[in-house]
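This is the structure I want to talk about, given as structure tokens.
When reading the values below, keep in mind they use all heavy atoms of this one structure, side chains included, and skip hydrogens, waters and symmetry mates. Numbers here are sequence positions counted from 1. Owing to the predicted nature of the structure, the values given are computational and were not obtained by experimental measurement.
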Amino acid sequence: MTDDQRVYIVTGGGTGIGAATTRLLRAAGHHVVVSGRRPEPLHRIAEETGALAHPADTGDPAAADTLVDAALAAHGRLDGLVLNAGTGVGGAVGDLTPESWEAVMRTNVTGPFLLQRAALPHLLETRGAVVAVASVSALRNGRGDAAYATSKAALLQLCRSLAVDYGGRGLRANIVCPSWIRTDMADRRMTRFAAESGLDTLDEAYRAATRLLPAARPGTPQEAAEAITWLLSPAASFVNGAVLTVDGGGTAVDPGTLAFDFHIEPRAPRP
């Protein structure tokens with residue numbers, strides 16, 4: 001390993017933002033241990049990039065420990081985490097079951113906590129960096145998003161706690177908050193939206209969902225990954241506890257002014 005090479009763990013790394021981040025890190029010459037619950041996509045991205053695939057459910061304390069051990073065994077050190085694994089269940093508070101609430105919290109909050117705890121001694125040794133992939137839902141809320149939005153807000157503060165508690169020892173922890181990024185998870189939500197709204201294609205659904213963003217389009221996994229890899233890099237050495245929105249300008253918009261430029265009507269559901 002050269003002085004410029006670093007070692008990263010990327011969770012949720014088989015597809016979408018995690019896979020794009022793995023590609024960028026590997027292209028820059030870094031070592032990556034890519035993890036997630038589904039072995040097949042992990043092995044595909046590992047074969048493509050030369051990353052090390054390690055399937056794991058980091059909501060299990062033993063699995064989180066084993067994932068860190070695998071990175072150390074393969075590469076002898078650990079320089080950073082990309083906390084990208086996530087899940088969501090729709091529903092307002094009155095619609096959610098305790099089981100569905102717990103499933104979202106386990107993946108989106110408990111898993112990152114357990115992996116941070118397992119990795120912490122090694123990240124302090126290397127003066128490493130953590131980037132959590134939260135969501136604009138951590139900053140703004142929508143209908144029927146109680147569990148997901150709460151979990152992402154908790155993830156944001158969990159990572160800021162790392163920055164506050166360990167920044168003096170050289171550890172950096174930052175958060176990216178994407179809006180609509182065209183990933184498998186977003187495609188599934190857009191497929192439901194298309195069916196509910198009488199839209200014929202996935203592209204139409206994305207256009208409808210993003211038409212009020214200043215960018216007027218969804219983002220790409222590559223665009224989110226560029227922000228993540230910058231935050232991991234020495235170029236962001238004085239950035240700690242930051243929240244970077246990767247949202248096409250969505251959180252810059254005042255909803256109270258949208259009616260000045262758009263005629264907005266409730267969408268009738270498809271019969």
Side-chain angles (χ1 to χ4, degrees), residues 7-26 31-75 78 80-91 96-119 130-135 137-138 145 147-152 154-155 158-159 175-176 178 181-192 221 224-225 228:
V7 179
Y8 297 105
I9 291 173
V10 178
T11 67
T15 60
I17 294 172
T21 302
T22 298
R23 292 186 185 101
L24 284 181
L25 291 172
R26 289 293 297 143
H31 297 290
V32 179
V33 179
V34 61
S35 187
R37 285 183 291 203
R38 296 181 296 149
E40 294 81 4
L42 294 179
H43 289 301
R44 283 197 297 269
I45 195 68
E47 184 176 351
E48 174 193 338
T49 64
L52 173 65
H54 185 92
D57 177 359
T58 54
D60 174 1
D65 291 342
T66 301
L67 175 55
V68 172
D69 289 343
L72 296 171
H75 304 298
L78 181 60
L81 306 176
V82 178
L83 303 171
N84 177 65
T87 191
V89 174
L96 294 167
T97 65
E99 292 76 17
S100 61
W101 173 271
E102 175 58 30
V104 173
M105 295 300 159
R106 184 173 183 271
T107 296
N108 294 0
V109 185
T110 302
F113 161 72
L114 292 172
L115 186 55
Q116 287 174 0
R117 189 180 67 164
V130 175
V131 177
V133 181
S135 167
S137 294
D145 206 24
Y148 184 75
T150 301
S151 71
K152 290 300 188 176
L155 176 61
L158 174 64
C159 286
I175 305 96
V176 295
I181 305 290
R182 289 202 69 155
T183 64
D184 290 350
M185 183 175 175
D187 282 354
R188 291 192 294 272
R189 180 65 187 94
M190 284 296 167
T191 298
R192 296 196 303 274
I228 293 166

Listed partners of Thr110 passing side-chain hydrogen bond (donor to acceptor under 3.5 Å, both in side chains), at least two apart:
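Counting only residues at least two positions away or on another chain, Thr110 forms no side-chain hydrogen bond (donor to acceptor under 3.5 Å, both in side chains).
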
Can you list everything that forms a side-chain contact (heavy atoms from CB on, under 4.5 Å) with Ala186? Sequence neighbours excluded, please.
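Ala186 satisfies side-chain contact (heavy atoms from CB on, under 4.5 Å) with Trp180, Thr183, Tyr206 once adjacent residues are dropped.
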
Measure the CG-CG distance between Leu81 and Leu115 for me, rounded to the nearest 0.5 Å.
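Between Leu81 CG and Leu115 CG, I get 5.0 Å after rounding to 0.5 Å.
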
Test side-chain contact (heavy atoms from CB on, under 4.5 Å) applied to Thr107 - qualifying residues, sequence neighbours left out
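With sequence neighbours excluded, Thr107 shows a side-chain contact (heavy atoms from CB on, under 4.5 Å) to Arg37, Thr87, given in chain and number order.
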
With sequence neighbours excluded, give me every side-chain hydrogen bond (donor to acceptor under 3.5 Å, both in side chains) pair touching residues 55-73.
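Those involving residues 55-73 are Asp57-Arg106.
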
For the atom pair OG (Ser137) and CG (Asp145), what is the distance rounded to the nearest 0.5 Å?
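Between atom OG of Ser137 and atom CG of Asp145 there are 4.5 Å.
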
Under 3.5 Å, side-chain donor or acceptor atoms of residues 41-49 against the rest of the protein: list the pairs with distances, not counting sequence neighbours.
| from | atom 1 | to | atom 2 | distance (Å) |
| --- | --- | --- | --- | --- |
| Glu48 | OE1 | Arg23 | NE | 3.4 |
| Glu48 | OE1 | Arg23 | NH2 | 3.3 |
| Glu48 | OE2 | Arg23 | NE | 2.6 |
| Thr49 | OG1 | Ile45 | O | 2.7 |
| Thr49 | OG1 | Ala51 | N | 3.2 |

Apply the test side-chain contact (heavy atoms from CB on, under 4.5 Å) to residues Met105 and Thr150: give CA-CA distance (whole Å), side-chain angles for both, the deciding distance (0.1 Å), then the verdict.
CA-CA 9 Å; Met105 295 300 159; Thr150 301; 3.8 Å; yes

Is there a side-chain contact between Thr21 and Asn84 in this structure, where contact means two heavy atoms from C-beta onward sitting under 4.5 Å apart?
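Not touching, per the 4.5 Å side-chain cut-off.
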
Run through Val10, Val130, Ile9, Val133 and flag the one making a side chain to side chain contact (heavy atoms under 4.5 Å, CB included) with Leu83.
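In the set Val10, Val130, Ile9, Val133, the residue that makes a side chain to side chain contact (heavy atoms under 4.5 Å, CB included) with Leu83 is Val130.
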
Taking the side chain as everything from C-beta on, heavy atoms only, tell me whether Arg188 gets closer than 4.5 Å to Thr191.
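SC-SC contact between Arg188 and Thr191 ruled out.
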
Do Thr15 and Met185 come close enough that some side-chain heavy atom pair is under 4.5 Å?
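No. Closest side-chain heavy atoms not under 4.5 Å.
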
Listed partners of Ser151 passing side-chain hydrogen bond (donor to acceptor under 3.5 Å, both in side chains), at least two apart:
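In terms of side-chain hydrogen bond (donor to acceptor under 3.5 Å, both in side chains), with neighbours along the sequence ignored, Ser151 is linked to Asn108.
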
Looking at Gly59 and Leu114, what are the two nearest heavy atoms and their distance?
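Where Gly59 meets Leu114 most closely, the heavy atoms are O-CD1, 3.3 Å.
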
